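Below: one structure, written as structure tokens.
For clarity, every value in this text was computed on a predicted model and none was experimentally measured. Start at 1 and go down the list; that is how both ligands and their atoms are numbered. For the single chain, residues carry numbers from 1 onward in sequence order.
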Amino acid sequence: MTDCIFCKIINKEIPSYTIYEDEDILAFLDISQVSKGHTLVIPKKHVANLFEYDEDLAARVFTKIPEIARAVRLFDPEIKGLNLLNNNGEFASQSVFHSHFHLIPRYATDSLDGFGLKWETKGDTLSSENFTEIKDTIISKLEEKS
Ligand code: 5GP
Ligand code: ZN
């Protein structure tokens with residue numbers, strides 16, 4: 001896609017700090033490092049978000065993520081964990097519409113508060129009927145697709 005910033009990175013029209021590249025994916029440092037080592041993994045095929053993946057693309061991309069995550073973790077002994085984040089759609093804070101997975105190392109010294117990974121849970125406000133209805137509706141959507 002010509003006006004896509006990540007396609008331009010794939011095509012080397014824009015430079016990046018590339019960590020790993022093969023025929024299917026590219027992994028490179030996010031220009032706005034949430035923490036040192038913050039890496040993006042993207043498919044070379046332009047898809048906007050997770051909703052556009054088929055099984056083959058999913059297999060090609062997801063199979064590589066654990067190995068890249070392990071390498072990022074080993075970058076610094078102070079890294080004690082890693083968040084794998086994936087925003088899908090503007091409403092879910094996606095700002096670049098070429099699918100990407102954030103690998104964000106978590107340091108012993110960082111604070112969960114500063115990271116802003118907190119949300120209110122609503123589970124305790126739902127009845128068992130609510131849970132069953134949600135489950136059954138999602139199952140019916142899965143069955144419609146297969
Ligand atoms: P999103 O908000 O869509 O989940 O994340 C997009 C990410 O892409 C942001 O974290 C942003 O810093 C990163 N980004 C945007 N433009 C560039 C760029 O030109 N180069 C690199 N390396 N990262 C970028
Ligand atoms: Zn693209």
Side-chain angles (χ1 to χ4, degrees), residues 1-126 130-131 134-135 137-146:
M1 207 186 215
T2 49
D3 62 347
C4 169
I5 195 153
F6 286 176
C7 282
K8 285 182 179 161
I9 287 176
I10 291 165
N11 294 330
K12 316 286 183 219
E13 292 163 40
I14 295 176
S16 72
Y17 296 99
T18 296
I19 284 172
Y20 176 82
E21 178 170 15
D22 64 23
E23 59 181 354
D24 299 313
I25 68 157
L26 187 71
F28 56 101
L29 295 182
D30 192 305
I31 203 69
S32 309
Q33 297 272 287
V34 169
S35 63
K36 261 197 251 176
H38 178 182
T39 296
L40 298 174
V41 178
I42 65 174
K44 285 195 167 173
K45 179 179 176 176
H46 179 95
V47 287
N49 54 45
L50 198 60
F51 306 123
E52 295 186 359
Y53 279 64
D54 60 20
E55 281 186 15
D56 178 60
L57 185 63
R60 288 168 186 267
V61 174
F62 284 101
T63 197
K64 308 279 172 40
I65 287 179
E67 193 177 347
I68 296 167
R70 282 191 286 271
V72 170
R73 182 183 58 168
L74 291 172
F75 154 67
D76 189 317
E78 287 300 302
I79 295 173
K80 303 298 181 196
L82 180 145
N83 290 106
L84 174 62
L85 294 179
N86 167 232
N87 300 328
N88 296 286
E90 202 171 350
F91 204 75
S93 302
Q94 185 175 5
S95 62
V96 175
F97 295 94
H98 180 130
S99 174
H100 52 278
F101 298 88
H102 295 260
L103 274 57
I104 303 178
R106 302 303 301 274
Y107 289 75
T109 47
D110 75 12
S111 112
L112 272 177
D113 289 344
F115 195 69
L117 247 192
K118 285 186 171 176
W119 53 81
E120 286 177 23
T121 56
K122 297 188 175 62
D124 55 358
T125 66
L126 298 180
N130 293 146
F131 275 104
I134 295 166
K135 168 185 74 70
T137 306
I138 295 173
I139 288 174
S140 72
K141 298 301 173 194
L142 264 181
E143 287 168 352
E144 275 173 27
K145 294 286 169 202
S146 53

_Residues Glu144 and Lys141 bridged, charged N to O under 4.0 Å_ =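 A salt bridge is present here (some side-chain N lies under 4.0 Å from a carboxylate O).
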_Ring geometry between Phe62 and Phe101 (parallel below 30°, tilted from 30 to 60°, perpendicular above 60°)_ =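 Phe101 and Phe62: perpendicular rings.
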*Hey, could you give me the CD1/CG distance between Ile5 and Asp3, rounded to the nearest 0.5 Å?*
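Reported value, rounded in 0.5 Å steps: 10.5 Å.
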*His100 NE2 to Ile25 CD1 distance, which is reported to the nearest 0.5 Å*: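 Interatomic distance, His100 NE2 to Ile25 CD1, rounded to 0.5 Å: 14.5 Å.
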Atom indices of ligand 1 within 4.0 angstrom of [X] heavy atoms, with elements:
{"X": "His102", "result": "1 (P), 4 (O), 5 (O), 7 (C), 10 (O)"}
{"X": "Leu40", "result": "8 (O)"}
{"X": "Ser32", "result": "12 (O)"}
{"X": "Gln94", "result": "3 (O)"}
{"X": "Asn87", "result": "1 (P), 2 (O), 4 (O)"}

[X] contact mode with ligand 1 (heavy-atom cut-off under 4.0 Å):
{"X": "Ser93", "result": "backbone"}
{"X": "Phe101", "result": "neither"}
{"X": "Phe28", "result": "side chain"}
{"X": "Ile5", "result": "side chain"}

Answer yes or no: is there a donor N or O on one side and an acceptor on the other, between the side chain of [X] and the main chain of [Y], under 3.5 Å?
{"X": "Ser35", "Y": "Pro105", "value": "yes"}
{"X": "Gln33", "Y": "Gly37", "value": "yes"}
{"X": "Asp76", "Y": "Glu78", "value": "yes"}
{"X": "Lys44", "Y": "Glu21", "value": "no"}

[atom]: which protein heavy atom is closest, and how many Å away?
{"atom": "atom 8 (O) of ligand 1", "result": "Phe6 CZ, 3.5 Å"}
{"atom": "atom 23 (N) of ligand 1", "result": "Ile31 N, 3.3 Å"}
{"atom": "atom 1 (P) of ligand 1", "result": "His100 NE2, 3.1 Å"}
{"atom": "atom 2 (O) of ligand 1", "result": "Ser95 OG, 2.9 Å"}
{"atom": "atom 22 (N) of ligand 1", "result": "Leu29 O, 2.9 Å"}

*Carefully, step by step, assess Tyr20 and Thr39 under the rule side chain to side chain contact (heavy atoms under 4.5 Å, CB included).*
CA-CA 10 Å; Tyr20 176 82; Thr39 296; over 6 Å; no
Is the shortest side-chain heavy-atom distance between [X] and [Y] below 4.5 Å?
{"X": "Leu103", "Y": "Leu84", "result": "yes"}
{"X": "Val41", "Y": "Lys64", "result": "no"}
{"X": "Ile9", "Y": "His98", "result": "no"}

Could you tell me whether [X] and ligand 1 have an N or O pair separated by under 3.5 Å?
{"X": "Ile9", "result": "no"}
{"X": "His38", "result": "no"}
{"X": "Val96", "result": "yes"}

*Roughly, to 10 degrees, what angle do His98 atom ND1 and Cys4 atom SG form around the Zn ion (ligand 2)?*
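With the Zn ion (ligand 2) as the vertex, the angle is close to 110°.
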*Counting heavy atoms only, name the option from Asp30, Val34, Asn88, Thr39 that's nearest to atom 7 (C) of ligand 1.*
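Shortest heavy-atom distance from atom 7 (C) of ligand 1: Asp30.
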*Which N/O/S atom belongs to His46 and is the closest one to the Zn ion (ligand 2)?*
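The Zn ion (ligand 2) is closest to the His46 atom ND1, counting only N, O or S.
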